[in-house]
Amino acid sequence: MPSALAELNQWVDDVARHVRCDRVHWCDGSEDEARLLEARMLESGELLRLNPESHPGCVLHRSDPDDVARVEHLTFVCTREEADAGPNNHWMDPVAAHAKMDALFAGAMQGRTLYVVPYCMGPIDSPLARCGVELTDSPYVVANMRLMTRMGSAALARIEREGRFVRGLHSTGELDPERRFIMHFPEELTIKSYGSGYGGNALLGKKCHALRIASHQARQEGWLAEHMLIVGVENPRGQTHYIAAAFPSACGKTNLAMLIPPDGYARDGWKVWTVGDDICWMSPGEDGRLWAINPEAGYFGVAPGTSGRTNPNAMAMLQRDAIFTNVAVDADGRPWWEGLDGEPALDWQGRPIAEGRPAAHPNARFTVSARQCPTLSPQVEEPRGVPISAIVFGGRRPSLMPLVFEARDWAHGVLVGASMGSETTAAAAGDVGVMRRDPMAMKPFCGYHFGDYWAHWLSFDRPGAKLPRIFHVNWFRRDADGDFLWPGFGDNMRVLEWILRRVDGEVGVVETPIGGLPRVDDLDMHGLAMDASTLETLLAVDLDGWRREIDDIGEYLDGFAPRVPPRLEAERRRIREALDAA
Ligand code: GTP
Ligand code: MN
Ligand code: MN
């Protein structure tokens with residue numbers, strides 16, 4: 001059997017010949033290499049230097065205006081059997097998909113350099129980590145991969161030892177939306193992405209590998225690859241519990257992962273530690289608990305709305321060595337977006353500011369190394385990961401969904417996750433503000449049939465398992481004027497505290513048909529000016545609304561028949577009956 005390196009070399013040779021690149025550059029991940037690539041991109045105009053005094057080492061990239069978000073309608077899962085991809089994915093026959101992509105890639109890199117990017121998703125010595133190699137003609141992608149993954153020589157050494165890696169081939173192509181496809185071949189551990197330079201479409205280690213391919217792999221190997229943040233919450237006694245939370249894109253993961261507790265909490269000695277802000281790989285440990293790693297090494301976060309008020313941690317880490325994509329700039333050449341003070345001078349396309357259109361693109365992003373996060377957990381490089389005490393699901397629900405409730409057991413929690421709903425956001429191309437179901441926040445990212453996915457989730461409930469408790473939160477309830485009822489951000493700490501007190505068995509719940517809600521007195525509202533009726537609204541269960549919701553969930557689940565696990569439907573019926581009896 002040929003060694004992994006021989007296989008890798010062969011693949012690189014074959015691709016180089018097919019795409020007819022001028023040069024092949026093997027990335028070692030070194031500082032020198034990063035400086036060299038940056039200089040080339042500043043020269044070509046692909047990157048612009050931001051104010052070096054206020055933002056040393058920071059650069060701006062302006063995308064093609066047609067290429068600013070993930071493109072779900074052009075993203076395919078190419079399994080041999082169509083049914084295995086599920087109604088939750090677009091499917092193409094793998095033979096046809098390869099033919100289509102190979103035709104697009106033929107001669108696509110003439111005059112360009114092909115970069116070979118070996119990377120490791122997860123701590124380099126972790127048994128939970130997995131490696132891949134991305135071949136790309138975009139130095140911007142290389143620069144981002146360097147911040148987002150453990151990229152370079154160490155990853156290559158692990159690939160040589162381990163023998164297995166995910167193959168990703170990417171070209172920005174001619175950026176024609178008609179000639180843009182992101183194809184996944186989970187059975188071959190292969191990704192082919194053409195025609196987009198946008199993060200989620202082009203940084204193949206992230207959504208393509210760490211979620212779509214990894215979720216498929218995880219099912220076969222008995223672990224979970226999830227669209228979740230991981231946060232450590234340290235109580236005044238010095239004990240740290242870890243929480244994993246799944247919210248759809250642009251619904252608050254990065255913010256919660258970097259939460260700064262309100263005044264009183266910090267005084268009492270509460271601390272929040274950031275492990276990950278987007279992706280979580282979890283595996284049952286010998287002790288029966290779920291142990292989690294963050295496969296990423298950096299953050300690719302939403303810029304608009306990020307400010308000293310909402311996320312001071314993110315602001316602190318964005319002062320140096322960050323890549324900004326599609327933000328505006330002020331007159332001093334500093335990055336600017338909606339939510340910051342000051343005035344923009346040029347919008348995200350480099351045009352003068354005009355009334356009525358945002359200066360930064362709503363999905364403008366920053367890329368920054370996790371090492372710059374002031375609250376980075378000391379456990380991030382721990383090879384075995386961190387033990388998860390609670391799993392939290394949530395989304396943007398302007399009505400109905402209470403601030404927080406607890407599922408009564410694992411199966412109920414899986415139903416709560418499977419029936420998650422949220423308003424769509426600017427993170428993906430398409431309408432914004434439309435309510436859609438987004439199970440476990442994985443609608444765009446699950447690399448196989450949702451019915452099989454839910455069955456896989458249920459399978460973790462087995463003898464000896466010490467599973468996390470499951471909760472659902474909603475920071476996005478609105479009043480009749482459309483204003484948020486809950487202050488959110490740092491104040492979400494109050495909800496996290498309640499969740500951890502439940503985990504530690506310190507407080508009871510109000511039992512309702514939909515699950516356990518906090519007793520009003522158990523939520524610490526100290527220092528928060530909120531009238532009693534608002535809190536009451538946030539913690540109310542609207543029985544009629546919930547009957548409609550549960551019926552709607554039934555219709556949604558029917559769309560995945562016959563692969564919906566019977567346990568899930570039984571759980572749904574139990575809740576419907578409890579609602580009828582209430
Ligand atoms: P992806 O990185 O795309 O997966 O998204 P994300 O889940 O990390 O979202 P992020 O934390 O970047 O939040 C996106 C938007 O939600 C920003 O506009 C935030 O200001 C807003 N947001 C985050 N947390 C809260 C909150 O607690 N309350 C309110 N009202 N808005 C919030
Ligand atoms: Mn995400
Ligand atoms: Mn994020």
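Predicted, not measured: the structure shown is a model, and the values here were computed from it. Atoms within each ligand, like the ligands themselves, are counted from 1 in listed order.
Centroid-to-centroid, the aromatic rings of Phe393 and Phe471 stay 6.0 Å apart or farther. Checked against a 6.0 Å centroid threshold, the rings of Phe560 and Phe450 count as neighbours. If you look at His227 and Phe247, their ring centroids are not closer than 6.0 Å. Aromatic rings from Trp475 and Phe484 are positioned such that their centres are separated by 6.0 Å or more.
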Stepwise ring pair (Phe, Tyr, Trp, His ring centres under 6.0 Å) test for Phe366 and Phe324: CA-CA 5 Å; Phe366 55 77; Phe324 293 89; 7.2 Å; no

Test log, rule side-chain contact (heavy atoms from CB on, under 4.5 Å), inputs Trp270 and Asn235: CA-CA 5 Å; Trp270 288 88; Asn235 66 23; 3.6 Å; yes

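Taking a cut-off of under 4.0 Å to the non-hydrogen atoms of Pro248, the atoms of ligand 1 that pass are 7 (O). Residue Ser249 approaches ligand 1 through these ligand atoms, each under 4.0 Å from one of its heavy atoms: 1 (P), 3 (O), 4 (O), 5 (O). Distances below 4.0 Å separate heavy atoms of Phe484 from the following atoms of ligand 1: 30 (N). Distances below 4.0 Å separate heavy atoms of Lys253 from the following atoms of ligand 1: 1 (P), 4 (O), 5 (O), 6 (P), 7 (O), 8 (O), 9 (O), 11 (O). The atoms of ligand 1 that sit less than 4.0 Å from any heavy atom of His227 are 4 (O). The ligand atoms of ligand 1 that sit less than 4.0 angstrom from a heavy atom of Val302 are 12 (O). Under a 4.0 Å criterion applied to the non-hydrogen atoms of Phe476, ligand 1 contributes the atoms 29 (C), 30 (N), 31 (N), 32 (C).
A 4.5 Å side-chain heavy-atom check between Thr79 and Trp91 finds at least one atom pair inside the cut-off. The shortest distance between side-chain heavy atoms of Arg130 and Cys120 does not fall below 4.5 Å. At a threshold of 4.5 Å between non-hydrogen side-chain atoms, the residues Phe185 and Lys192 count as touching.
With a 4.0 Å heavy-atom cut-off, ligand 1 is reached by no atom of Thr310. At a heavy-atom cutoff of 4.0 Å, ligand 1 is contacted by no atom of Trp486, backbone or side chain. Here Phe489 has heavy atoms under 4.0 Å from ligand 1 in both its backbone and its side chain. Under 4.0 Å from ligand 1, not a single heavy atom of Arg477 appears. When non-hydrogen atoms are compared, ligand 1 lies under 4.0 Å from neither the backbone nor the side chain of Arg478. At a 4.0 Å heavy-atom cut-off, ligand 1 touches Cys251 through the backbone alone. Contacts between Leu229 and ligand 1 below 4.0 angstrom, taking non-hydrogen atoms only, are absent altogether.
The backbone N or O of Gly447 lies less than 3.5 Å from no partner atom in the side chain of Arg212, so there is not a single donor-acceptor pair. Distance alone, capped at 3.5 Å, places no donor-acceptor pair between the His361 side chain and the Val327 backbone. The main-chain N or O of Asn88 is found under 3.5 Å from a side-chain atom of Lys443 such that the two form a donor-acceptor pair.
If you put the vertex on the Mn ion (ligand 2), OD1 of Asp278 and NE2 of His227 sit 90° apart, to the nearest 10°.
Neither side chain, His456 nor Tyr448, offers a donor N or O lying under 3.5 Å from an acceptor on the other. For the residue pair Tyr299 / Gln372, no side-chain donor-acceptor distance below 3.5 Å is found, with atom types taken as modelled.
Between Arg365 and ligand 1, at least one N/O pair is under 3.5 Å apart. An N or O contact shorter than 3.5 Å links Ala250 to ligand 1 by distance. The N/O atoms of Phe247, backbone and side chain alike, include none that comes under 3.5 Å of an N/O atom in ligand 1. Considering backbone and side-chain atoms alike, Gly488 places every N or O at 3.5 Å or more from each N or O of ligand 1.
For the Mn ion (ligand 2), the N/O/S atoms of Lys207 include one lying under 2.8 Å. Within the coordination shell of the Mn ion (ligand 3), defined by N, O or S atoms under 2.8 Å, Thr254 is present.
Heavy atoms of Ala257 come nearer than 4.0 angstrom to ligand 1 in no pair at all. Ligand 1 lies less than 4.0 angstrom from a heavy atom belonging to Arg396.
The residue from Ala245, Gly252, Ala69 that puts a heavy atom closest to atom 10 (P) of ligand 1 is Gly252. Counting only non-hydrogen atoms, the option in Thr254, Ile279, Thr306, Asp277 that gets closest to atom 8 (O) of ligand 1 is Thr254. Considering Ala246, Gly200, Ser307, Pro304 only, the shortest heavy-atom separation from atom 17 (C) of ligand 1 involves Pro304.
Between Glu381 and Arg371, none of the side-chain N atoms (NZ, or NE/NH1/NH2) sits under 4.0 Å from a carboxylate O, so this pair counts as no salt bridge.
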